[in-house]
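See structure below.
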Amino acid sequence: MALRLYNTMTRTKDAFVPIDPARVRVYACGPTVYDFAHIGNARPVIVFDVLFRLLRHLYGTDHVTYVRNITDVDDKINARAAERGVSIREVTEGTARQFRDDVAALGCLPPTVEPRATDHIAEMRDIIDRLVASGHAYVAEEHVLFHVPSMPDYGALSRRPLDEMEAGARVDVAPYKRSPLDFVLWKPSPPDWPAWPSPAGIATPGRPGWHIECSAMAWRHLGEVFDIHAGGVDLTFPHHENEIAQSRCCFGTDVMANVWMHNGFLQVEGQKMSKSLGNFLTIRELLADWPGEVLRLAMLRTQYRQPIDWTLRSLEESARVLERWYGAAGRDAGDPAPAVLEALFDDLNTPLVLSELHRQEGAALAGSLALLGFSLDPAALTRPGAAEVDAAVVEALLARRREARAAKNWAESDRLRDEVVALGVVIKDNKDGTTSWEVAR
């Protein structure tokens, strides 16, 4: 069996052949640390954690380098610090810590390297100086901009027509741009904002543009060309397109990464997630109600390249499935089932993986679940707050519910049932008329 991955650049699914099997190199775009990560942010983290685990299984734990960055210099961070009346460092440190805690609760391994943008300013200036020297970038009004027309095949990743890209860029075109598509590599900083000595002979201190950050961190930790670059489909244009332009034109390479992988969009209960609709869900909020392993399985029920609809029903079904699997697997993990590996080798076909898991039991099931990042610990499936259920309160409510049912007061019976369920309890009405209950898992 050979691992086959879909490459956004070529639009084909091909056998994965690493540049060096002894050092497989993967880069994934990480969070901009200004607020709690939402469930859409969790999708690439979980998906590419599965990829990381699979590559380690194939090539050896010590032979895979997975880099996932932290963007800690950004205008959103500056605005949030000003809004809260705290330092920028306080915002970035606290939010980065929250993110690590949240994704660890989702069963994700730490990346091999987690670089911060602010630790790579020297690499950013180096790349910018090279681009200016080679004519791919220019200085204008204390900004440095990449000149898109200097790269004839710009846009190969997203395959957007040039007129469409230009139309989008013309919405707010700075007068100093030579072309509407030109994008910022470096910009001046207002007073009290983060600033560093500028490249390209600019006297005024400034700060980097977003796109240059990932080019610099990938270069520092993975080299001029590496195996896989991953991220959400929303980053394809302009972020990844611009990364490719910067890196290739700086180093004179044909590619930045051999394979480009992108996960699909996430919506909630059939709607686009947004604060205005009241369906904006952070990982932290969901972890207050659901075990991280349940959230992880719910995310893997859809193949990573497809859009996913995040629903309460999917969470409930995922909880039931995991409880059944953990009961059948035990704690002693063997080798992953061959059918499970074959499905994973087919571009991380997790829906097929889950179908195969229903056919497994014992050590093979345990080994397969472990490969996917599940702990095999039944206690990990306990819903948060379940241990705090007061049995006396539950019994008193159920007694009142039995009285309501005996009086055929169905509305009151339903109300009391909902009140019990809200405590984190599952009610079981038996055929003989008795009622039992258990803490929801």
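One is the number of the first residue; the rest follow in order along the sequence. Keep in mind it's a predicted model, so treat the numbers as computed, not measured.
- The pair Lys13-Asp347 does not count as a salt bridge, with every side-chain nitrogen at least 4.0 angstrom from each carboxylate oxygen.
- A side-chain donor-acceptor contact under 3.5 Å links Ser368 to the backbone of Ala364.
- Counting only N and O atoms by type, the side chains of Glu241 and Ser158 include a donor and acceptor under 3.5 Å apart.
- Using a 30° and 60° split on the angle between ring planes, Tyr27 and Phe226 fall in the tilted class, from 30° to 60°.
- Under the side chain to side chain contact (heavy atoms under 4.5 Å, CB included) criterion, Ala105 pairs with Leu287, sequence neighbours left out.
- Shown are Leu369, Asp335, Val353; of these, the side chain to side chain contact (heavy atoms under 4.5 Å, CB included) with Val340 is made only by Val353.
- Side-chain contact annotation: Thr71 with Asn69, donor-acceptor N/O pair under 3.5 Å present.
- Counting only N and O atoms by type, the side chains of Tyr6 and Asp14 include no donor and acceptor under 3.5 Å apart.
- Contacts of Trp219 classified as side chain to side chain donor-acceptor pair (under 3.5 Å), with partners at least two apart in sequence or in another chain: none.
- No side-chain donor-acceptor contact under 3.5 Å links Glu83 and Tyr34.
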* To do: Would you sort out whether Met261 and Thr8 count as a side-chain contact (heavy atoms from CB on, under 4.5 Å), showing the intermediate values?
  => CA-CA 6 Å; Met261 298 178 67; Thr8 307; 5.8 Å; no
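- Sorted by first then second residue, the side chain to side chain donor-acceptor pair (under 3.5 Å) pairs that include residues 45-65, not counting sequence neighbours, are Asp49-Arg53, Asp49-Arg296.
- Under 3.5 Å, the side chains of Arg301 and Thr350 contain no donor-acceptor pair of N or O atoms.
- Two rings, from His229 and His262, have their centers 6.0 Å or more apart.
- Asp74 and Thr32 form no side-chain donor-acceptor contact under 3.5 Å, judged by distance and modelled atom types alone.
- The aromatic rings of Trp260 and His240 lie tilted to each other, with the angle between the two planes from 30° to 60°.
- Using modelled atom types, no side-chain atom of Glu323 and backbone atom of Pro378 make a donor-acceptor pair closer than 3.5 Å.
- Ion pairing between a basic and an acidic side chain is recognised when a charged N comes within 4.0 Å of a carboxylate O; Arg248 and Asp153 show such pairing.
- If you check the side chains of Thr282 and Glu285, you find a donor sitting under 3.5 Å from an acceptor.
- Of the possible polar contacts, none joining the Asp227 side chain to the Val26 backbone as a donor-acceptor pair under 3.5 Å is found.
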